[in-house]
Amino acid sequence: MVAGFKKLDGVPAAYISDIKVISSVDRIVVSSWDGSLSLFEVVTGKLLVKLVHKWPLTCCTVSRDGRVWAGSVQGELLEADWESERLVTNEQDAIAFDLGVSGLCSVDDYLVAGSWDGRLVVVDYLHWKVVQDWKFKEKIFHVCGSTEWIVCSLSGGKVKIVELPSWKIKDTDSGLKYQCRSCALIPNGRGFVQGSIDGRVSVEFFDAETSKFAFRCHRMNLEDVQLVFPVTALAFQPDSLNLYTGGADGKIVSWNLVTRKKQEELPKLDDSIVKLCCTDEYLVIGTSDDSFRTCATPQDIELHDSAIYIKYL
């Protein structure tokens, strides 16, 4: 056990695809590639409920009324029914994608779902009605949203920005040269951040007059070479410009976007930081062994079990 971190019990061994916090009740929702959607209690660190789907789950989100949703690799949108302990689809009008759901977020009374097939759908989940439906040429890698903006990170360094409530879309190029692995909205509503596979974070603004910038992180300097690790997770402290970055090097670093300087580096964990969530009181950290990504040829690899930690701030 790493000093200062509380480890949760009953975490899925398989790769963690997403983590969300239900702040009102201090609970954590975790989706995994083993098809499970798990609900944990923060105070005790114990598993409360575990739902299992027949297909891997790729993402999850919590709506403002506390309902929990998940996306699957088969392109399904599923709602968690904790009482009956099952994941359900809407039988009246099932919204399925051609490929897996790559990103999912909740905005007001809407679910916003993106897919690797390039489709972005906004659903009124109270009436299960499609409000907006776009089809892009590029794959959608990540989706994040607020009451004012929806940001989609796509392949080819493209970004789609949707302004609410007009649903007007703006196309822009990412401030990153290489593929995006993570994204998050800046809490003040001015812009968003993205992390890439080449150890960089770009800070970009909705106001075209404000210059975007990028900084390097998650690198290791050796005598003759510099090792670069992907920035795999991003999370802001609520209502602040303090950004946590998590990398494939197992490190978590805190940055101040006002001063553009590093503030703190937390103790290194054994595996890649795949997801980060932050509240006013604690940081939730998901780790998984992604060494299979760097194998030159297919082979059987014994991977470490995934883990979730809580770091009180």
Side-chain angles (χ1 to χ4, degrees), residues 18 20 58-72 75-79 89-90 92-176 179-180 182-195 202-210 212 234-236 238-239:
D18 210 350
K20 292 293 187 293
T58 54
C59 51
C60 63
T61 193
V62 180
S63 59
R64 66 178 180 178
D65 58 3
R67 298 163 72 175
V68 177
W69 307 81
S72 81
E76 305 160 293
L77 290 180
L78 308 157
E79 183 177 4
T89 58
N90 188 293
Q92 295 178 348
D93 182 18
I95 298 168
F97 297 90
D98 293 335
L99 298 176
V101 181
S102 55
L104 190 60
C105 68
S106 175
V107 176
D108 294 329
D109 291 329
Y110 303 120
L111 284 180
V112 182
S115 169
W116 290 306
D117 66 6
R119 188 174 166 210
L120 180 68
V121 176
V122 180
V123 182
D124 175 352
Y125 66 81
L126 297 177
H127 304 94
W128 204 247
K129 177 184 177 182
V130 175
V131 177
Q132 298 289 336
D133 193 344
W134 297 281
K135 186 70 167 67
F136 306 133
K137 295 180 180 178
E138 302 85 4
K139 295 179 180 179
I140 298 175
F141 288 145
H142 302 280
V143 176
C144 53
S146 68
T147 57
E148 298 177 283
W149 306 95
I150 298 168
V151 174
C152 297
S153 298
L154 296 89
S155 58
K158 301 297 182 181
V159 178
K160 301 287 186 180
I161 300 172
V162 182
E163 185 176 359
L164 303 180
S166 67
W167 304 111
K168 182 180 179 181
I169 290 186
K170 174 185 176 183
D171 297 330
T172 184
D173 291 322
S174 170
L176 300 171
Q179 180 181 315
C180 169
S182 50
C183 71
L185 287 175
I186 300 174
N188 63 11
R190 291 186 57 203
F192 59 98
V193 294
Q194 295 186 108
S202 67
V203 183
E204 310 182 41
F205 300 94
F206 300 127
D207 179 3
E209 296 180 1
T210 305
K212 59 186 177 184
L234 298 166
F236 281 95
D239 303 318

Peer 1: For Asp173 and Lys212, work out which heavy atoms get closest and say how close.
Peer 2: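 In terms of heavy atoms, the two residues are closest at O-NZ, 3.3 Å.
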Peer 1: Keeping the roles fixed (side chain from Asp117, backbone from Asp98), state whether a donor-acceptor pair exists under 3.5 Å.
Peer 2: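 Side chain of Asp117 to backbone of Asp98: a pair is present.
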Peer 1: Relative to Phe136, does Lys160 satisfy both conditions: NZ or CZ under 6.0 angstrom from the six-membered ring centre, and within 45 degrees of the ring's axis?
Peer 2: yes
Peer 1: What distance separates Leu99 CG from Ile140 CD1, expressed to the nearest 0.5 Å?
Peer 2: 11.0 Å
Peer 1: Nearest 0.5 Å please: distance from the CZ atom of Phe192 over to the SG atom of Cys152.
Peer 2: 10.5 Å
Peer 1: For Gly71, is there any backbone N or O sitting under 3.5 Å from a side-chain donor or acceptor partner on Thr58?
Peer 2: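 Side chain of Thr58 to backbone of Gly71: a pair is present.
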Peer 1: Could you tell me whether a side-chain N or O of Lys20 sits under 3.5 Å from a main-chain N or O of Cys60, the two making a donor and an acceptor?
Peer 2: yes
Peer 1: Is it the case that more than 12 heavy atoms not belonging to Tyr110 sit under 6.0 Å from its OH atom?
Peer 2: no
Peer 1: When you look at Leu111 and Trp128, which way does the side chain to side chain contact (heavy atoms under 4.5 Å, CB included) test go after all the steps?
Peer 2: CA-CA 10 Å; Leu111 284 180; Trp128 204 247; 4.3 Å; yes
Peer 1: Using only atom types and a distance under 3.5 Å, with no angle test, would you say the side chain of Ser153 pairs donor to acceptor with the backbone of Val159?
Peer 2: no
Peer 1: Does the Ser155 side chain pair with the main chain of Lys139, one donor and one acceptor, at a distance under 3.5 Å?
Peer 2: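 A pair under 3.5 Å: yes.
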Peer 1: Check the surroundings of atom CG in Asp239: do more than 12 heavy atoms from other residues, nucleotides or ligands lie under 6.0 Å from it?
Peer 2: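 Check fails, neighbour count at 12 or below.
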Peer 1: Any side-chain donor-acceptor pair under 3.5 Å between Glu204 and Ser202?
Peer 2: yes
Peer 1: Could you grab the distance from atom CG of Asp124 to atom CG of Asp109, nearest 0.5 Å is fine?
Peer 2: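 Reported to 0.5 Å precision, the distance equals 7.0 Å.
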Peer 1: Kindly compute the distance separating CG (Leu164) from CD (Gln132), expressed to the nearest 0.5 Å.
Peer 2: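 Separation between the atoms: 9.5 Å.
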Peer 1: For Tyr125, which residues count as a ring pair (Phe, Tyr, Trp, His ring centres under 6.0 Å) partner, sequence neighbours excluded?
Peer 2: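 Ring pair (Phe, Tyr, Trp, His ring centres under 6.0 Å) list for Tyr125, sorted by chain: Trp69.
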Peer 1: How far does CG of Leu104 sit from OG of Ser102, to the nearest 0.5 angstrom?
Peer 2: 9.5 Å
Peer 1: Any chance you could lay out the side chain to side chain contact (heavy atoms under 4.5 Å, CB included) test for Leu126 and Asp65, step after step, and finish with the verdict?
Peer 2: CA-CA 10 Å; Leu126 297 177; Asp65 58 3; 4.2 Å; yes
Peer 1: Can you measure from SG (Cys144) to CD (Gln194) and round to the nearest 0.5 angstrom?
Peer 2: 8.0 Å
Peer 1: Any Lys/Arg nitrogen of Asp133 or Arg119 sitting under 4.0 Å from an Asp/Glu carboxylate oxygen of the other?
Peer 2: yes
Peer 1: Taking C-beta and beyond as the side chain, do Phe236 and Leu185 meet within less than 4.5 Å on heavy atoms?
Peer 2: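 Phe236 vs Leu185: side chains apart.
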Peer 1: Assess whether a salt bridge exists between Glu163 and Lys170, defined as any Lys/Arg side-chain N lying under 4.0 Å from an Asp/Glu carboxylate O.
Peer 2: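 No, Glu163 and Lys170 are not salt-bridged.
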